[in-house]
Protein chains: 2
Amino acid sequence: MSPSAAPARIERARSVFSALGDETRMGLVARLSSGGPQSIAQLTTRTDVTRQAITKHLDVLAGAGLVKDSRRGRERIWELDSTRLTEAGRTLDQISRRWDEALDRLRKFVED
Amino acid sequence: MSPSAAPARIERARSVFSALGDETRMGLVARLSSGGPQSIAQLTTRTDVTRQAITKHLDVLAGAGLVKDSRRGRERIWELDSTRLTEAGRTLDQISRRWDEALDRLRKFVED
DNA sequence: CCCATGTGCAACCTCCAGATTGCATATTGG
DNA sequence: CCAATATGCAATCTGGAGGTTGCACATGGG
C-alpha cells in the first residue's frame with residue numbers, strides 16, 4: 001500500500017465532501033449508516049423529493065465511492081462503503097493537527 | 001458544554017463539507033493550514049481566479065466557521081479555526097464506525 | 001503630500017446541480 | 001398470465017453558486 005501522495009489524498013477527500021455537502025445526500029448517508037442496506041423505494045420514503053432525485057443523489061454518492069449497489073430481484077439495494085468516509089475523516093484530522101502545531105510553534109516563537 | 005444533539009452535529013458537519021467541497025476553497029484551507037495567517041492579496045497569488053472570487057470563498061469558509069479574519073493596517077488577515085474542522089472529522093468517524101458495527105452484527109447474525 | 005497597494009461594494013453574466021414529468025421496461029406474487 | 005411494484009431513461013426547467021468587471025475608499029511608505 002503506497003502512502004498515497006498528499007495532493008491526491010486531499011483531492012479524494014474533497015470529492016467526498018462535495019458529495020456530503022448536500023443536505024439530501026447527507027441524510028441518505030445517515031440513514032444508510034444506521035438503517036442498513038436499503039432499496040431506492042425505501043430510501044425515497046420520508047423524503048420530500050422524487051424517487052428520480054434520490055436515484056441521482058445515490059449516483060453522486062457512488063461517484064465519490066461512498067456507497068455501492070447490488071441487485072436483488074427487481075430491487076436495487078444500496079449500502080454504505082465506509083472506506084472513503086474513514087479516510088476523509090483522517091484527512092480532516094491531519095489538516096487541523098498541522099494547523100494546531102503551527103500555532104504552537106508560533107506561540108513559542110512569540111514568547112522568546 | 002452540552003453534548004450537542006446528533007442532528008445538529010450532523011448539520012454542522014454538512015455545512016463544513018459543503019464549504020470544503022469546492023476546489024478553490026479546499027486549496028485555501030490547505031494553504032492556510034500549512035502557510036499560516038495570510039492576507040487576501042497573498043492568498044490570491046498562485047490562483048487562477050480573481051481577488052474578488054477569493055474574498056467570496058473566504059466569506060463562505062467563514063460562514064462555516066472554518067476561518068476567521070482580523071485587520072492589520074490596510075490588510076485583512078485570514079487564519080484557520082480548527083474547531084469545526086476537528087468536529088467534522090470526528091462526526092465522519094462516528095458515522096463510519098456505526099456502519100462498521102452494524103456490519104459486524106449482520107455478519108454474526110448470518111453465521112447463526 | 002501622493003501614489004501605489006489592499007479592500008469593499010455592487011451590478012451582471014453564465015452554467016450546471018438538483019428537481020420534475022412522462023413514458024418505457026423488468027420482476028414478482030397470486 | 002396479469003396487475004402491481006421497482007426501476008431506468010430522457011427531455012426540460014430554474015435558482016443560485018462561482019466568476020468577472022468597474023469604481024470607490026482606506027492606508028502606509030517614501
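OP1 and OP2 of D/dG19 both lie 4.0 Å or more from every side-chain N or O belonging to B/Thr50. Applying the 4.0 Å criterion to OP1 and OP2 of C/dG8, one finds that B/Arg76 has a side-chain N or O inside that range. Side-chain N/O atoms of B/Thr24 include one lying less than 4.0 angstrom from OP1 or OP2 on D/dG19.
Put simply, CD1 on A/Ile40 is 13 Å from C1' on D/dT5, counting in whole angstrom units. Going from atom CG of B/Asp59 over to atom P of C/dT7 covers 13 Å, rounded to whole Å. Here the C1' atom of nucleotide D/dT7 and the CZ atom of A/Arg71 are 7 Å apart, to the nearest Å. D/dG19 atom P lies 8 Å from atom CG of B/Asp48, rounded to whole Å. Separating the CG atom of B/Leu58 from the C1' atom of C/dG6 is a distance of 14 Å, rounded to the nearest angstrom. In this structure, B/Glu75 atom CD and C/dA4 atom P are separated by 18 Å, rounded to whole Å. Atom pair B/Met26:CE and D/dA17:P shows a separation of 20 Å (rounding to whole Å applied). The distance between atom CG of B/Leu20 and atom P of D/dG18, rounded to the nearest whole Å, is 12 Å.
Inter-residue side-chain proximity for B/Leu92 and A/Thr86 is flagged as unmet; no heavy-atom pair is nearer than 4.5 Å. For the pair A/Leu61/A/Leu28, a side-chain contact is recorded, criterion being any heavy-atom separation below 4.5 Å from C-beta on. With a 4.5 Å cut-off on side-chain heavy atoms, A/Asp22 and A/His57 count as touching. In this structure, the side chains of B/Leu80 and A/Leu103 stay at 4.5 Å or more apart for every pair of heavy atoms. For the pair A/Ile10 and B/Met26, the minimum side-chain heavy-atom distance is below 4.5 Å.
Atom CZ of A/Arg90 is surrounded by 12 or fewer heavy atoms from other residues, nucleotides or ligands within 6.0 Å.
In the interface, the side chain of A/Lys56 is paired with the base of C/dA19 through a donor and an acceptor atom under 3.5 Å apart.
For the pair A/His57 and A/Arg72, both in contact range of DNA chain C, the more 5′-proximal nearest nucleotide belongs to A/His57.
For A/Ala53, taking side-chain heavy atoms from C-beta onward, the closest of the listed nucleotides D/dT7, C/dG18, C/dA19 is C/dA19.
Here the shortest heavy-atom pairing between B/Arg25 and B/Ser18 reads NH2-O, 3.6 Å.
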Tabulate protein N/O versus nucleotide N/O from nucleotides 22-26 of chain D, keeping only pairs under 3.5 Å, one per line.
{"from": "D/dG22", "atom 1": "O6", "to": "B/Gln52", "atom 2": "NE2", "distance (Å)": "3.2"}

